[in-house]
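Step one of this worksheet: look at the structure below.
We count ligands from 1, going down the list as the structure has it; atoms in each ligand are counted the same way.
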Amino acid sequence: MKFLVLNGPNINILGIREPEIYGRQSYDELCALIKEHAKKLGVQVEFYQSNHEGDLVDAIQRSYFDGVDGIVFNPAAYTHTSVAIADAVKGVGIPTVEVHISEVSEREAFRQVSYIRDVAVKTITGRGFAGYTDAMDFLVKLQGDKK
Ligand code: DQA
């Protein structure tokens with residue numbers, strides 16, 4: 001089983017950006033945690049992060065041709081603005097879990113809109129980095145239920 005862990009803008013500066021909201025751990029530390037969890041689950045994991053909307057659309061499309069079984073996706077600020085990214089997720093039909101490190105429901109009004117929520121199989125918010133590993137557990141279980 002192969003998962004893509006996809007992150008949007010400013011996730012590459014975790015640890016630097018608003019540590020009171022996103023914590024002090026870096027993007028590399030996040031990837032290390034996910035790799036360790038993937039090993040435990042016996043799944044393959046690939047990472048991609050971009051600050052550019054079209055790059056994220058390209059990565060989602062690529063995952064279809066690469067036979068990715070599930071996407072763990074934090075679209076970051078594009079969550080609240082991007083029809084193109086939501087269309088890509090819907091278009092490829094790969095089960096995608098929307099993850100947010102912070103509890104977006106308790107933040108600004110403009111963060112209350114998510115274009116991804118409707119096309120995702122699940123949304124996880126406010127669990128910090130654990131949201132990513134929770135999403136992997138969910139996708140493994142989902143694939144198991146399908147068989
Ligand atoms: C975020 C929440 C978004 O509103 C924000 O723009 C981000 C990160 C989160 O992980 O909590 O960049 O997706």
Side-chain angles (χ1 to χ4, degrees), residues 1-41 43-64 66 68-143:
M1 204 178 291
K2 184 159 76 178
F3 294 156
L4 171 67
V5 177
L6 185 59
N7 280 288
N10 301 305
I11 299 299
N12 57 317
I13 54 166
L14 283 176
I16 298 167
R17 73 180 294 211
E18 302 173 273
E20 64 291 353
I21 296 176
Y22 300 111
R24 297 197 177 275
Q25 285 185 289
S26 67
Y27 175 68
D28 285 349
E29 286 173 290
L30 171 65
C31 294
L33 175 89
I34 292 168
K35 265 186 209 158
E36 205 180 293
H37 197 68
K39 216 184 267 176
K40 273 187 220 153
L41 292 175
V43 300
Q44 238 180 292
V45 73
E46 283 167 9
F47 297 91
Y48 189 75
Q49 186 278 331
S50 177
N51 296 322
H52 306 279
E53 186 173 15
D55 279 353
L56 294 165
V57 170
D58 288 344
I60 293 161
Q61 291 186 4
R62 230 173 12 248
S63 67
Y64 176 83
D66 289 350
V68 166
D69 301 294
I71 303 175
V72 175
F73 190 18
N74 184 349
Y78 287 131
T79 307
H80 318 299
T81 62
S82 182
V83 175
I85 289 175
D87 280 351
V89 170
K90 192 160 195 186
V92 296
I94 298 169
T96 297
V97 178
E98 175 189 11
V99 174
H100 299 286
I101 296 164
S102 67
E103 187 48 81
V104 273
S105 67
E106 291 171 4
R107 298 183 64 193
E108 302 92 326
F110 66 84
R111 293 186 209 274
Q112 303 315 312
V113 174
S114 169
Y115 287 91
I116 311 299
R117 189 177 293 253
D118 283 350
V119 296
V121 289
K122 189 178 173 69
T123 296
I124 298 172
T125 62
R127 297 259 305 127
F129 284 9
Y132 290 83
T133 51
D134 287 354
M136 293 162 77
D137 293 343
F138 180 86
L139 287 169
V140 165
K141 188 165 182 305
L142 188 75
Q143 296 294 345

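Among all non-hydrogen protein atoms, the one lying nearest atom 7 (C) of ligand 1 is Tyr22 OH, 3.5 Å. From the protein, the heavy atom lying nearest to atom 2 (C) of ligand 1 is Val104 CG1, 3.7 Å. The closest protein non-hydrogen atom to atom 9 (C) of ligand 1 is Ile101 N, 3.3 Å. Among all non-hydrogen protein atoms, the one lying nearest atom 11 (O) of ligand 1 is Ser102 OG, 2.6 Å. At the top of the distance list for atom 5 (C) of ligand 1, counting protein heavy atoms only, stands Arg111 NH1, 3.3 Å. The protein heavy atom nearest to atom 1 (C) of ligand 1 is His100 ND1, 3.7 Å.
In this structure, Arg17 counts as a contact residue of ligand 1, since one of its heavy atoms falls inside 4.0 Å of the ligand. At least one heavy atom of Asn74 sits closer than 4.0 Å to an atom of ligand 1. Residue-ligand proximity: Thr79 is placed with every non-hydrogen atom at 4.0 Å or more from ligand 1.
With Tyr132 as the partner, the side-chain contact (heavy atoms from CB on, under 4.5 Å) test is satisfied by one option alone out of Ile124, Leu33, Asn7, Val97: Asn7.
Side chains of Ser114 and Glu98: a donor on one and an acceptor on the other come within 3.5 Å. The closest side-chain donor-acceptor pair between Asn51 and Gln49 falls under 3.5 angstrom.
The environment of CD in Glu103 is crowded: more than 12 heavy-atom neighbours from other residues, nucleotides or ligands sit within 6.0 Å. Counting heavy-atom neighbours within 6.0 Å of Lys90 NZ, excluding the residue itself, gives a total of 12 or less.
Side-chain N or O atoms of Gln143 include none that pairs as donor or acceptor with a backbone N or O of Phe138 at under 3.5 Å.
Atoms of ligand 1 found under 4.0 Å from any heavy atom of His80, numbered from 1 in the order shown, are 3 (C), 4 (O).
Between Arg107 and ligand 1, not a single N/O pair is under 3.5 Å apart.
Shown here for Ala59 and Leu6, the closest heavy-atom pair between the two residues is CB-CD1, 3.9 Å.
Between His80 and His100, the ring-plane angle classifies as parallel under the 30° and 60° cut-offs.
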